[in-house]
J.: 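Take a look at the following structure, please.
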Amino acid sequence: MAYKDLREFMERLERERELLRLAAEVDVDLEITEITDRVSKAGGPALLFQNPRSAKDGVKYSIPLLINLLGSKRRMELALEVASIEDVARRIEDLLEMKPPEGLFDKVKLLPKLAELGSFFPKTVKSGPAQEVIEREKFSLADLPIMKCWPQDGGRFLTFPMVITRSPKTGRRNVGCYRMQVYDERTTAMHWQIHKGGAEHFRWLERQGKGRRMDVAVAIGSDPVTMLAGVLPLPEDVDELVFAGFLRQEPVELVKCQSVDLEVPANAEIVLEGYVDLDDIRVEGPFGDHTGYYSLEDKFPAFHITCLTRRKNPVYVSTIVGPPPMEDYWMGYAVERLFLPLLRKQMPEVVDMHMPAEGIFHNLLLVAIRKSYPGQARKVMNAVWGLPGAMFTKCLVVVDEDVDVHNLREVAWKALNHIDPERDIQFVLGPVDQLEHASRLPNFGSKMGVDATRKWPSEGFARPWPDEIVMDEETKKKVDALWPQLGLPVRT
Ligand SMILES: Cc1cc2nc3c(=O)[nH]c(=O)nc-3n(C[C@H](O)[C@H](O)[C@H](O)COP(=O)(O)O)c2cc1C
Ligand SMILES: [Mn+2]
């Protein structure tokens, strides 16, 4: 059974000692970040700050703040309700393997799967806890314990929202996690980067001539899989909430918003309804980002809030990003594992992939392939740079299948041995992540692919390729037997 809501997941985490309640009064300005950063880097639990306050504003908030919710492998597995994330990857693989049925028998076999698929679609319900309280008049963001994360941040930011929009062109829904800087009690920035779903919808507003304003709903806090869905780099035409239904194996229940023509998860803790306006673009930032550096000021639309709905006693969910690894590393890890089957579907030669924490997702991607024809590593590079999400990969290292991409020492050792840099490094130009601060232009720059596979004669390599050094099994066995008698202080 999927978690009904955030609370049910919190209870589970508490039973597993993966969630700690803190009674101490802690400041939303910087203090929560410093505490969470230490806990996060030590592999610690999720934290519920029960008494957040602001010394600057002289406020004690009545709403608690939850953070580091998905910040470990174990919590990610608990969120997905699996023993290992690979189990979910296998379900995705199965789904992708579904072939059109040939005979009657095949059709009958397929029916339960199709029924299962249909049952993942979101369900609209009449009412839900997300609207226990409806505030159209006297609501204020100042009542929420919104954090200022890092010293040079331009203000306070909502950091873990599910931003829901509908395409003015296709009517399709998108859910994305985009931070929102608080401008005043009812206005924030909407930091959807240029390549993201929300930004694309906003662009179509003008192209379709559908007025100057676009409805936006922002949900904060939901069952963990629905929250995670906003982070997943799904193709543009895939509804994150359908995918969430598939992941949790139960449809996401939605309620209609009060003041905008959108729906939000019925189990949400807090919902902000409102609009963005083509004529109201403002400066956003700076913000201490997941690169470990500040992203500088830039221009983004302002989000005007027209109505706030919530539970009677909501929990506000936040996260921090900064020097890796942090909570978002584990979200990236889930992305890596869940998307491996999708990558394999398009590139069957891919054996495994890994994005090390220091590469903050897109700066470094390691891919192991089974090479069957000359130039295949280059083909994989070009394909990766053509994928949504993966297109931003700045350094892409392709290795042979015998290299464990999760072992960075092994990758460095073997890749550095195998390259003739001038021959094996390839540069391309293309779109880069909007947070990229070293590229020649914002959003446009170069990427590097390293072909660290063994080179073949058919790739123009005429010299013999040496074997890797491995001791023979017979000698190893002999030494194993001899070991206790050697009196060596080394355990093997
Ligand atoms: C904690 C966190 C914060 C994020 N903040 C932003 C953000 O401010 N702007 C943005 O464009 N993407 C941000 N992202 C990444 C997007 O959520 C991610 O690219 C997602 O796939 C976007 O969905 P979309 O493709 O439907 O737009 C953030 C991700 C995480 C985990
Ligand atoms: Mn999307």
Side-chain angles (χ1 to χ4, degrees), residues 33 36 40 66-71 76 79 147 149-150 153-154 157-167 170 172-182 188-204 216 218-221 224 226-244 276 284-291 294-296 298-301 303 317-322 324-336 338-339 342 355 357 360-362 387-393 431-436 442-443:
T33 297
T36 309
S40 165
L66 176 64
I67 197 163
N68 204 22
L69 183 68
L70 300 172
M76 193 55 78
M147 296 167 63
C149 300
W150 296 103
D153 282 3
F157 288 75
L158 295 107
T159 51
F160 205 165
M162 289 170 273
V163 177
I164 302 168
T165 51
R166 204 187 298 287
S167 164
T170 63
R172 282 208 186 94
R173 174 174 34 230
N174 191 69
V175 186
C177 170
Y178 319 120
R179 70 168 185 248
M180 296 155 57
Q181 179 177 358
V182 176
T188 75
M190 186 50 77
H191 184 263
W192 46 46
Q193 292 156 16
I194 187 169
H195 310 101
K196 306 298 172 76
E200 175 68 2
H201 288 185
F202 195 45
R203 279 191 292 272
W204 274 103
V216 179
V218 175
I220 298 158
T226 303
M227 289 178 65
L228 183 66
V231 173
L232 301 179
L234 296 172
E236 209 183 298
D237 56 352
V238 177
D239 181 346
E240 280 80 1
L241 296 183
V242 176
F243 199 74
V276 285
E284 193 263 8
F287 177 71
D289 224 313
H290 80 125
T291 55
Y294 286 95
S295 42
L296 304 177
D298 201 349
K299 292 204 160 168
F300 285 89
F303 171 55
V317 190
S318 184
T319 184
I320 47 163
V321 293
M326 282 195 168
E327 179 173 3
D328 62 323
Y329 169 71
W330 294 104
M331 301 188 210
Y333 174 76
V335 169
E336 171 190 306
L338 298 185
F339 281 68
L342 292 164
M355 294 181 284
I360 54 150
F361 300 107
H362 58 268
L387 290 173
M391 70 177 179
F392 300 127
T393 304
V432 299
D433 193 282
Q434 196 160 5
L435 301 183
E436 175 62 52
N443 302 312

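Order of appearance sets the numbers: ligands from 1, and atoms from 1 within every ligand.
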J.: As an exercise, identify every atom of ligand 1 less than 4.0 angstrom from a heavy atom of Leu232.
T.: 21 (O)
J.: Starting from atom 12 (N) of ligand 1, what is the nearest protein heavy atom, named by residue and atom, and what distance separates them?
T.: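 Scanning the protein heavy atoms, the shortest distance from atom 12 (N) of ligand 1 goes to Lys196 NZ, 3.0 Å.
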J.: OG1 of Thr170 to CG of Asp237: how many Å apart, nearest 0.5 Å?
T.: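 It comes to 8.5 Å.
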J.: Taking the six-membered ring for Trp, are Phe392 and His195 closer than 6.0 Å centroid to centroid?
T.: yes
J.: So if I count the atoms of ligand 1 from 1 in the order they appear, which ones are less than 4.0 Å from some heavy atom of Val175?
T.: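 Counting from 1, the qualifying ligand atoms are 26 (O).
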J.: Using a strict 4.0 Å cut-off to heavy atoms of His191, name the atoms of ligand 1 that fall inside it.
T.: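 Counting atoms of ligand 1 from 1, those under 4.0 Å from His191 are 7 (C), 8 (O), 9 (N), 10 (C), 11 (O).
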J.: Does the side chain of Thr319 come under 3.5 Å of the side chain of Thr159 through a donor N or O and an acceptor N or O?
T.: no
J.: Which residue and atom name correspond to the protein heavy atom nearest atom 14 (N) of ligand 1, and how close is it?
T.: Cys177 O, 3.1 Å
J.: Pull out every atom of ligand 1 sitting under 4.0 Å from any heavy atom of Thr319, numbered as shown with elements.
T.: 1 (C)
J.: Which option out of Pro233, Gly230, Gly332, Gly285 puts a heavy atom nearest to atom 23 (O) of ligand 1?
T.: Gly230
J.: Is it the case that the side chain of Asp289 and the backbone of Thr291 share a donor-acceptor pair, with hydrogens and angles ignored and the cut-off at 3.5 Å?
T.: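 No; judged by distance alone, with no hydrogens or angles, the pair does not exist.
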J.: If I take every N, O or S atom of Glu236, is at least one of them less than 2.8 Å from the Mn ion (ligand 2)?
T.: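 No, outside the cut-off.
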J.: Show the atoms of ligand 1 that are less than 4.0 angstrom away from any heavy atom in Met331.
T.: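 Per the distance check, 31 (C).
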J.: Measure Val231 to ligand 1 on non-hydrogen atoms and call it side chain, backbone, both or neither using the 4.0 Å cut-off.
T.: both
J.: Salt-bridge test for Glu284 and Arg179: reply yes if a basic N is under 4.0 Å from a carboxylate O, no otherwise.
T.: yes
J.: Measuring centre to centre across the rings, with the benzene-like ring taken for any Trp, is His290 within less than 6.0 Å of Phe361?
T.: yes
J.: Taking all non-hydrogen atoms of both residues into account, name the closest pair between Leu228 and Ala334 and its distance.
T.: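 Nearest heavy atoms, Leu228 then Ala334: CD2-CB, 4.5 Å.
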J.: Which atoms of ligand 1 have any heavy atom of Asn174 under 4.0 Å away?
T.: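 So the atoms of ligand 1 that pass are 24 (P), 26 (O), 27 (O).
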J.: Would you say Glu240 contacts ligand 1, with heavy atoms under 4.0 Å as the rule?
T.: yes
J.: Give the residue, atom name and distance (to 0.1 Å) of the protein heavy atom nearest atom 11 (O) of ligand 1.
T.: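 The closest one turns out to be Gln193 N, 2.9 Å.
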J.: Identify the protein heavy atom lying closest to atom 25 (O) of ligand 1, giving its residue, its atom name and the separation to 0.1 Å.
T.: Gly197 N, 4.0 Å
J.: Nearest heavy-atom pair of His191 and Leu435: which atoms, and what distance?
T.: CE1-CD2, 4.3 Å
J.: Do Asp328 and ligand 1 have an N or O pair less than 3.5 Å apart?
T.: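 In fact, backbone or side chain, Asp328 has no N or O that close.
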J.: Is the backbone of Val321 close enough, under 3.5 Å, to the side chain of Trp150 for a donor and an acceptor to pair up by distance?
T.: yes
J.: As an exercise, state the distance from CE of Met326 to CG of Asn68, rounded to the nearest 0.5 Å.
T.: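 So the gap between those two atoms works out to 9.5 Å.
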J.: To make sure I understand the geometry: which N, O or S atom in Glu240 is closest to the Mn ion (ligand 2)?
T.: OE2
